[in-house]
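What follows is a set of notes on a single structure, which appears directly below.
What's counted below: heavy atoms across the whole structure, side chains too, no hydrogens, waters or symmetry copies. We count ligands from 1, going down the list as the structure has it; atoms in each ligand are counted the same way.
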Amino acid sequence: MRIDDLATPALLVDLDVLQQNLERMQAIADRTSVRLRPHVKTHKCAAIAHKQRRLGARGITVSTIAEAQAFARAGFDDITWALPNPLSHLSDILALSRDIELRLLVDDESAIRTLEGAKAGLHVWLKVDCGYHRAGVDPRSPTTLDLIRMLSASDHLIFDGILTHAGHAYWAKDRKEIQSIASQERAVMLQLAETARAQGLSAREISIGSTPTMSVSGDLTGISEIRPGNYVFYDGTQAAIGSCDVEDCALTVLSSVISSHASAEYFVIDAGALALSKDPGPDHIVGHKGYGAIFADYEAHAIDPDLVIERLSQEHAIVRAMRPKAVAPVGARVRILEHHSCLAAAQFDEYCVVRGDEVVDRWHIDRQR
Ligand SMILES: Cc1ncc(COP(=O)(O)O)c(C=O)c1O
């Protein structure tokens, strides 16, 4: 089958670009002697996770208990659930922990006590805030050392170490800014490990990693594992902030023109918010420029600067044409570089795996929550 025969909207993954991305991140991990534990919430796909494992990934990271259960069924037996203090799921956690090595995140004393009370030998990481200011303990606060002490001394929890996620790298404007956040991410964690050591405590392992920071970081000395996820596909945001180039983006949304208005200089496509998501993209760099970029020529990695995905409803998108001739007729197809590949992938049930114009495979997306 060819791409032009697909019903739309369809989610296309470029097999060769995907493979390059997988190999490049694994090479970074191998070169720096860290373990790659990829975050699979990006793809939610056993076929891709198996590829990551075959290349050398050890363990995976997930964002929901349903993902953990699905990947456990697919044969993954070492899973970090990277959401802090997931106490409302304790019975599912205990059930899954009997079958696999399930690792949890904590940043709260009472949550630690609750997990300890289960007396189940649960693995836990202490989540640290390295500058994103979302979840995580303050690495400079004395209470952080108290929590490390408590975890190290626990009879019923296995303390894996300290873990952080530099999500603020997404606010960077260029590669240089990402590099400085990558250095900060590592430095904050090494400093905390050192402070703990000076007090006779041990943070056994250090886990870091976002796609931007891991894509540009040179030095990972002292780090045990990295957990990037988005790198498998990258996307328009990653290309804008400097984590990658447009040619590294493996995921696109194929959409058809379903209404066309040459006199009003716009047309309508069948990829709305339920295909592209309403992620605004890197508007801190260029201002708001629509909800994705339309390729003028996919093979040449050329974006059409005159087409703007201006407005989204559930299943429709309005594309504004900045030159009258760019108004596409009903039945024409466009290929879109989405702002956020994780959110786009989570809207579909399958990947259409493509090589050039050929659809070579279909992979299931397990998007249950
Ligand atoms: C805790 C944690 N680890 C790792 C990742 C993966 O980072 P990225 O999406 O930049 O690949 C995320 C993403 O949100 C995360 O929240």
Side-chain angles (χ1 to χ4, degrees), residues 18 21-22 24-26 28-29 34-45 48-49 52 57-65 67-68 71 79-86 102-107 124-137 160-172 175 177-179 181-182 184-186 188-189 205-217 220 223-244 248-251 277 279 281-282 338-346:
L18 170 74
N21 293 344
L22 298 180
R24 194 184 309 114
M25 191 57 78
Q26 188 62 52
I28 289 172
V34 301
R35 185 170 63 231
L36 175 59
R37 181 188 286 276
H39 206 316
V40 299
K41 71 170 184 177
T42 301
H43 55 69
K44 300 178 190 290
C45 173
I48 299 178
Q52 289 173 305
R58 283 166 41 220
I60 57 171
T61 310
V62 300
S63 56
T64 67
I65 188 73
E67 259 171 40
F71 279 95
I79 300 180
T80 297
W81 179 10
L83 196 83
N85 315 315
L102 180 64
R103 304 173 195 277
L104 305 173
L105 271 52
V106 291
D107 70 356
V124 293
W125 291 92
L126 180 65
K127 172 113 195 223
V128 177
D129 178 6
C130 70
Y132 187 20
H133 306 322
R134 191 175 65 176
V137 295
D160 286 342
I162 52 177
L163 174 150
T164 197
H165 169 62
H168 51 313
Y170 285 90
W171 305 329
R175 200 176 167 85
E177 272 186 42
I178 303 174
Q179 271 160 346
I181 294 167
Q184 173 204 24
E185 178 184 27
R186 174 173 164 267
V188 165
M189 298 303 274
E205 297 211 314
I206 302 179
S207 175
I208 66 169
S210 67
T211 287
T213 53
M214 293 306 97
S215 297
V216 308
S217 171
L220 293 173
I223 300 301
S224 319
E225 69 166 29
I226 59 173
R227 307 179 323 280
N230 179 280
Y231 75 95
V232 298
F233 300 141
Y234 289 109
D235 53 31
T237 298
Q238 301 283 2
I241 65 176
S243 305
C244 69
D248 303 316
C249 296
L251 197 74
S277 88
D279 191 301
E338 68 291 333
H339 282 325
H340 191 168
S341 56
C342 313
L343 291 184

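Residue Pro228 places a heavy atom less than 4.0 Å from ligand 1.
Only side-chain heavy atoms of Tyr170 come within less than 4.0 Å of ligand 1; its backbone N, CA, C and O stay farther off. Heavy atoms from both the backbone and the side chain of Arg227 come within less than 4.0 Å of ligand 1. Under 4.0 angstrom from ligand 1, the non-hydrogen atoms of Arg134 all belong to its side chain.
A donor-acceptor pair is defined here as one N or O able to donate and one able to accept, closer than 3.5 Å; no such pair exists between the side chain of Gln238 and the backbone of Tyr231. Side-chain atoms of Arg37 never come within 3.5 Å of backbone atoms of Gly59 as a donor-acceptor pair (strictly under, hydrogens ignored). Remark: the backbone N or O of Arg103 is not paired with any side-chain donor or acceptor of Trp81 at under 3.5 angstrom. No donor-acceptor pair under 3.5 Å is formed between the side chain of Thr61 and the backbone N or O of Thr80.
Checked by distance only, ligand 1 and Ser210 stay at 3.5 Å or farther apart across all their nitrogen or oxygen atoms. Annotation: His39 places no N or O atom under 3.5 Å from an N or O atom of ligand 1; distance criterion only. For ligand 1, the polar-atom distance check finds no N/O of Ala82 at less than 3.5 Å from any of the ligand's N/O atoms. Taking only nitrogen or oxygen atoms, main chain and side chain alike, Asn230 reaches within less than 3.5 Å of ligand 1.
The side chain to side chain donor-acceptor pair (under 3.5 Å) test with Asn230 singles out one residue from Asp235, Thr42, Thr237, and that residue is Asp235. Each of Lys41, Lys44, His39 was compared with Glu67 under the side chain to side chain donor-acceptor pair (under 3.5 Å) criterion, and only Lys44 meets it.
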(message) Run the side-chain contact (heavy atoms from CB on, under 4.5 Å) test on His43 and Leu251 for me, step by step, so that the C-alpha distance in whole Å, both residues' side-chain angles and the decisive distance to 0.1 Å come before the verdict.
(response) CA-CA 10 Å; His43 55 69; Leu251 197 74; over 6 Å; no
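Ligand 1 places these atoms under 4.0 Å from at least one heavy atom of Gly209: 4 (C). For ligand 1, the atoms sitting less than 4.0 Å from at least one non-hydrogen atom of Pro212 are 10 (O), numbered in the order shown with element in parentheses. The Gly229 neighbourhood of ligand 1 comprises atoms 6 (C), 8 (P), 11 (O), with distances under 4.0 Å to a heavy atom of that residue.
In this structure, atom 14 (O) of ligand 1 lies nearest to the protein heavy atom Lys41 NZ, 2.7 Å. If you check which protein heavy atom lies closest to atom 12 (C) of ligand 1, you get His165 CE1, 3.3 Å.
Side-chain contact annotation: Asn21 with Asp248, donor-acceptor N/O pair under 3.5 Å absent. Between the side chains of Tyr132 and Ser210, no donor N or O sits under 3.5 Å from an acceptor N or O.
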